[in-house]
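Report on the structure given below.
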Amino acid sequence: MSILPALLLVGGGRMGSAMLAGWRERGLSQVVVVDPSAEAQKLAGVGVQVVADAAGIPAGFTPEAVILAVKPQMAAAALPAYARFAGQALFISIMAGKTLRTVGQMLGVRAPVVRAMPNTPAAVRQGITVAVAGHQVSPRQKMLADSLLCAIGSTEWVEDEDLLDPVTAISGGGPAYVFLLVELLEREALAQGIPAALARQLARQTVIGSAALLAASDEDASALRLAVTSPGGTTEQALVVLRADGAWPDTFSAAIQAATQRSRELSA
Ligand SMILES: NC(=O)c1ccc[n+]([C@@H]2O[C@H](COP(=O)([O-])OP(=O)(O)OC[C@H]3O[C@@H](n4cnc5c(N)ncnc54)[C@H](OP(=O)(O)O)[C@@H]3O)[C@@H](O)[C@H]2O)c1
């Protein structure tokens, strides 16, 4: 497997560092990370240099791709400093809500931009990314974006950019919903008197094991759920509560709609 080309990562926070961790496993040639936080210095290592701002990028550094991983609210202030790479590099924006048009306006209309929505399991190369390519992106650049995104998990390409808003709500934020479930399971285990260490282990391994079972099975999630749910048994009682008056389904629907709406608002 070939190592990745020279990359410029703008923003080495939670998502940027997760992607970098995934790329490290694949094999890096040279990555420059731009991030002003002291925390980001920890990302430095073999093949990875961390600088505080665009002025610190080594002279002559020619990245094949610039990955934009700052908060959407920082885009207008941060992005224009990278417009100088537009003639040579592909831009991959992972900023929630920021459209191809908006990012293009900040970098210059001829900048080739891929908009992508990864998620944090990227850190262990188990991410899922949905991407859309702007008109300026060449077939070769799209292949480069695909190889960078596939280095951190699965990648799906769509033509309709509007889909990125619900994708952000489902898979971009999805790990947070799963981790909340782990937190809630652990909290309730403690509340039922289970010792702390065992409570933590039960909550974590239940989700880890369930995910592994899902990955290993050809069956739908609903079939795997039914396999745990004996008629008149204990799980059925729990599920009756979770679904009473639409408790989980309605709440979940409202949560996804709220996140989708927030993604749309961030485009402004
Ligand atoms: N977290 C996720 O699960 C996830 C999933 C998909 C997409 N995303 C997208 O990824 C982007 C980053 O999110 P995040 O959760 O990783 O945020 P984050 O942890 O706050 O990371 C952003 C990083 O950028 C740094 N930064 C601020 N201004 C900068 C500048 N001008 N130049 C370079 N770096 C700068 C921040 O430093 P300071 O802390 O010092 O400000 C921080 O380290 C967002 O646009 C988000 O929508 C996130």
Side-chain angles (χ1 to χ4, degrees), residues 7-23 31-44 48-57 61 63 65-85 91-100 102-103 106-107 113-132 145 148-149 151-156 158 161 163-180 255-256 258-268:
L7 306 173
L8 178 61
L9 174 62
V10 183
R14 282 163 298 199
M15 194 61 226
S17 61
M19 295 176 81
L20 184 64
W23 292 327
V31 179
V32 174
V33 180
V34 182
D35 194 304
S37 67
E39 191 72 8
Q41 285 301 327
K42 294 180 186 159
L43 300 174
V48 181
Q49 180 181 356
V50 181
V51 299
D53 53 32
I57 297 170
F61 179 61
V66 180
I67 297 90
L68 304 167
V70 292
K71 290 279 190 207
Q73 296 84 346
M74 299 300 301
L79 267 53
Y82 304 95
R84 64 189 161 106
F85 294 110
F91 291 86
I92 302 176
S93 167
I94 65 159
M95 296 180 292
K98 289 290 173 221
T99 60
L100 289 170
T102 308
V103 175
M106 292 172 187
L107 294 169
V113 182
V114 163
R115 180 179 169 193
M117 181 46 56
N119 61 7
T120 54
V124 289
R125 299 183 65 182
Q126 293 280 331
I128 173 88
T129 302
V130 176
V132 58
L148 285 174
L149 297 171
I152 55 170
S154 326
T155 305
E156 299 295 333
V158 294
E161 188 180 359
L163 292 177
L164 269 284
D165 296 314
V167 162
T168 300
I170 297 286
S171 56
Y177 321 144
V178 175
F179 297 136
L180 176 61
I256 296 301
T260 303
Q261 180 55 28
R262 182 64 185 142
S263 177
R264 292 190 183 117
E265 287 166 6
L266 285 170
S267 68

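In this chain, numbering begins with 1 at the start of the sequence shown. Computed over heavy atoms, backbone and side chain alike; hydrogens, waters and symmetry mates excluded. We count ligands from 1, going down the list as the structure has it; atoms in each ligand are counted the same way. Given the structure is predicted, the values throughout are model-derived calculations rather than measurements.
The shortest non-hydrogen separation linking Pro80 to Ala75 is CD-O, 4.1 Å. Minimum interatomic distance between Val50 and Ala44 (heavy atoms only, all atoms of both residues): CG2-N, 3.6 Å.
Sorted by chain and number, the residues within 4.0 Å of ligand 1 by heavy atom are Val10, Gly11, Gly13, Arg14, Met15, Val34, Asp35, Pro36, Ser37, Ala69, Val70, Lys71, Pro72, Met74, Ala78, Ile94, Met95, Ala96, Met117, Pro118, Thr120, Gly172.
Screening residues 34-43 for side chain to side chain donor-acceptor pair (under 3.5 Å), with sequence neighbours left out, gives Asp35-Ser37, Glu39-Lys42.
Taking Asn119 as the reference, nothing meets the side-chain hydrogen bond (donor to acceptor under 3.5 Å, both in side chains) condition, with sequence neighbours excluded. With sequence neighbours left out, the side-chain hydrogen bond (donor to acceptor under 3.5 Å, both in side chains) criterion links Arg262 to Glu265.
Using a distance-only test at 3.5 Å, with no hydrogens or angles considered, no donor-acceptor pair links the side chain of Trp23 to the main chain of Ala151.
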